[in-house]
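Counting starts at 1 for both ligands and their atoms, following the listed order. In this text the structure is predicted, and so the values were computed from the model without any measurement. Along the sequence shown, residues carry numbers from 1.
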Amino acid sequence: MTDHHKTNIMTLTRYMLEQQRKHPEATGDLTIAMNGVQVGCKFVESCVRKARLVNLVGLAGNTNVQGEDQKKLDVLSNEMFVNAMMSSGKFAFMVSEEVDDIVVVPEELRGKYCITFDPLDGSSNIDAGVNVGTIFGIWRLPSGPQATVDEILVPGSEIVAGGYCMYGSSCNMVLTFGNNSVEGFTLDPALGEFILTHPNIRIPPRGKIYSVNEGNSLYWDDATKAYFDSLKFPSPESGLKPYSARYIGSMVADVHRTLLYGGVFAYPSDRKSRSGKLRILYESFPMAFIIEQAGGRAITGIERVLDLVPKHIHDRCPIFLGGTDDMADVEAAFANNSNWLNGTQK
Ligand code: AFP
């Protein structure tokens with residue numbers, strides 16, 4: 001007898017079409033846009049897998065807007081993403097970590113969405129074979145294809161879709177379109193399709209792991225220090241055991257683990273980097289949206305990340321994200337310590 005579960009698979013495209021059918025007003029534009037994202041991610045996955053063999057690892061000789069050396073894979077992934085998004089005909093603008101200015105789509109190919117993305121996040125670790133990923137957010141432009149660039153700098157809460165694809169021991173795409181629903185897909189390399197493997201992901205309210213670059217702790221403010229101390233040296237009244245530390249230094253991998261196991265991931269402000277390190281439009285907003293839709297929260301320490309409005313496309317913000325109980329502790333640490341740094345800036 002045929003195994004029904006193995007012959008009736010939910011691919012990402014099928015999932016998108018089913019979602020589209022639930023919304024009779026839908027035009028199908030988002031489904032087509034997501035098809036471009038899928039193609040981009042599959043291309044990056046294939047490059048990451050064969051990087052060592054075809055000599056793609058290493059520097060490309062350019063420097064991006066953050067003054068960081070670009071890897072060959074960064075350059076390739078960015079070009080692939082820009083081309084896939086442009087040819088979908090569903091975007092008017094793109095913001096990429098690898099491009100200084102907004103990418104404006106030629107008029108004949110313009111659609112009603114904007115996409116923000118970091119095509120290959122964590123790439124500084126790639127020579128060591130560490131997990132890397134693509135992070136993206138999709139926004140509906142109020143004026144559609146005729147939109148002007150100022151329509152990009154809006155509060156994070158206006159995001160329509162957020163997702164990431166992690167290139168690790170397997171290739172995993174995690175996605176949300178809101179409605180308190182976060183789905184995880186795994187690429188089946190034989191089929192070349194993303195298959196729904198982790199439906200309705202929920203983040204535990206409290207975890208046992210903290211994830212932060214403790215090498216920066218010399219520069220942390222009192223609130224941040226107090227919070228992480230409370231995880232390492234819990235008071236007897238809290239009834240908690242000390243948390244374990246895990247930090248990969250690749251946001252997609254650290255957030256993916258946090259989403260599945262709970263706990264806290266943070267890149268806080270410090271005296272060296274008053275706005276932390278992570279970029280609002282293509283790192284913090286999509287991840288904050290995913291975590292909130294999975295039942296958790298993402299805050300700067302004192303405010304909700306999705307309430308921020310960036311002033312420039314490459315602005316950064318501090319971020320703490322995790323389950324609701326863990327985030328309540330972060331908030332309490334900031335409320336009980338008047339010494340804290342916070343800011344969003346270039
Ligand atoms: P790279 O893409 O340059 O490797 O940066 C990765 C990243 O933006 C993010 O993925 C990490 O969470 C964070 O930086 C790590 O930063 P630190 O090396 O300062 O801890």
Side-chain angles (χ1 to χ4, degrees), residues 44 47-48 51 56-78 81 95-100 116-137 162-168 172 174 209-220 224 228 245-259 263-288 290-291 298 300 305 310 313-322 341 344-346:
V44 180
C47 290
V48 168
L56 285 171
V57 178
L59 299 180
N62 298 326
T63 303
N64 70 11
V65 69
Q66 266 82 229
E68 299 157 340
D69 289 327
Q70 284 182 306
K71 301 278 182 173
K72 287 180 190 172
L73 271 177
D74 285 335
V75 178
L76 263 183
S77 309
N78 181 63
F81 257 84
V95 175
S96 165
E97 199 226 7
E98 298 299 332
V99 185
D100 299 8
T116 62
F117 55 89
D118 184 346
L120 198 61
D121 190 63
S123 58
S124 65
N125 302 312
I126 206 163
D127 293 5
V130 168
N131 286 8
V132 288
T134 299
I135 312 173
F136 61 90
Y164 62 79
C165 190
M166 185 175 73
Y167 314 108
N172 297 96
V174 171
I209 297 172
Y210 72 94
S211 186
V212 68
N213 184 344
E214 273 201 286
N216 294 328
S217 57
L218 177 67
Y219 309 108
W220 285 348
T224 306
F228 286 108
R246 296 280 186 279
Y247 188 68
I248 298 167
S250 181
M251 187 190 198
V252 173
D254 283 317
V255 170
H256 190 64
R257 184 199 52 247
T258 308
L259 182 65
V264 57
F265 165 79
Y267 209 113
S269 300
D270 63 47
R271 286 195 295 282
K272 245 177 345 106
S273 330
R274 294 186 74 90
S275 304
K277 178 179 181 191
L278 302 176
R279 292 68 161 193
I280 299 177
L281 275 181
Y282 41 82
E283 290 182 307
S284 301
F285 277 173
M287 291 306 201
I290 291 168
I291 293 291
T300 62
V305 167
I313 56 169
H314 295 293
D315 276 0
R316 303 163 193 260
C317 73
I319 190 166
F320 292 80
L321 57 82
L341 302 156
T344 56
Q345 64 187 44
K346 245 179 167 175

### Task
If the plane angle is over 60° it's perpendicular, under 30° parallel, otherwise tilted; pick one for His256 and Tyr164.
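Plane angle over 60°, so perpendicular.
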
### Query
Regarding Ser123 and Asp74, is there a side-chain donor-to-acceptor distance under 3.5 Å anywhere?
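Judged by distance alone, the side chains do pair up.
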
#### Entry: Side-chain donor-acceptor pair present, Asp121, Tyr282, cut-off under 3.5 Å
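There is no such pair between these side chains.
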
Atom indices of ligand 1, in the order listed, that fall short of 4.0 Å to a heavy atom of [X]:
X	value
Ser123	1 (P), 2 (O), 4 (O)
Asn213	17 (P), 19 (O), 20 (O)
Glu283	8 (O)
Met251	9 (C), 10 (O), 11 (C), 12 (O)
Arg279	8 (O)
Gly249	6 (C), 11 (C), 15 (C)

### Message
Using a plain distance cutoff, I'd like to know if Tyr247 has any nitrogen or oxygen under 3.5 Å from a nitrogen or oxygen of ligand 1.
### Response
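Yes; at least one N/O pair falls below 3.5 Å.
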
### Query
If you measure every N/O of Tyr267 against every N/O of ligand 1, is any gap under 3.5 Å?
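Between Tyr267 and ligand 1 (N or O atoms, distance only) the closest approach is under 3.5 Å.
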
### Which segment of Leu278 sits under 4.0 Å of ligand 1 when only heavy atoms are counted
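Only the side chain of Leu278 comes within reach of ligand 1.
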
### Query
Does ligand 1 have a heavy atom under 4.0 Å from the side chain of Ser124, from its backbone, from both, or from neither?
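Within the 4.0 Å criterion, Ser124 contacts ligand 1 through backbone and side-chain atoms alike.
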
### Residue pair Asp100 / His314: nearest heavy atoms and the distance that separates them
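That closest heavy-atom pairing would be O-NE2, 3.1 Å.
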
### Query
Minimum heavy-atom separation for Ile280 to Pro286, with atom names?
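Heavy atoms of Ile280 and Pro286 come nearest at O-CD, 4.2 Å.
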
### Query
Which value, rounded to the nearest 0.5 Å, describes the distance between Leu281 atom CG and Glu97 atom CD?
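Rounded to the nearest 0.5 Å, the CG-CD separation comes out at 12.0 Å.
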
### Task
Quick one: pull up CE in Met251 and CG in Leu321 and give me the separation to the nearest 0.5 Å.
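Going from the CE atom of Met251 to the CG atom of Leu321 covers 6.0 Å.
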
### Query
Nearest to atom 6 (C) of ligand 1 by heavy atom, Gly133, Ser250, Gly122, Gly276: which?
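Considering heavy atoms of Gly133, Ser250, Gly122, Gly276, the nearest to atom 6 (C) of ligand 1 sits in Gly122.
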
#### Entry: Listed partners of Ser77 passing side chain to side chain donor-acceptor pair (under 3.5 Å), at least two apart
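Here no residue qualifies.
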
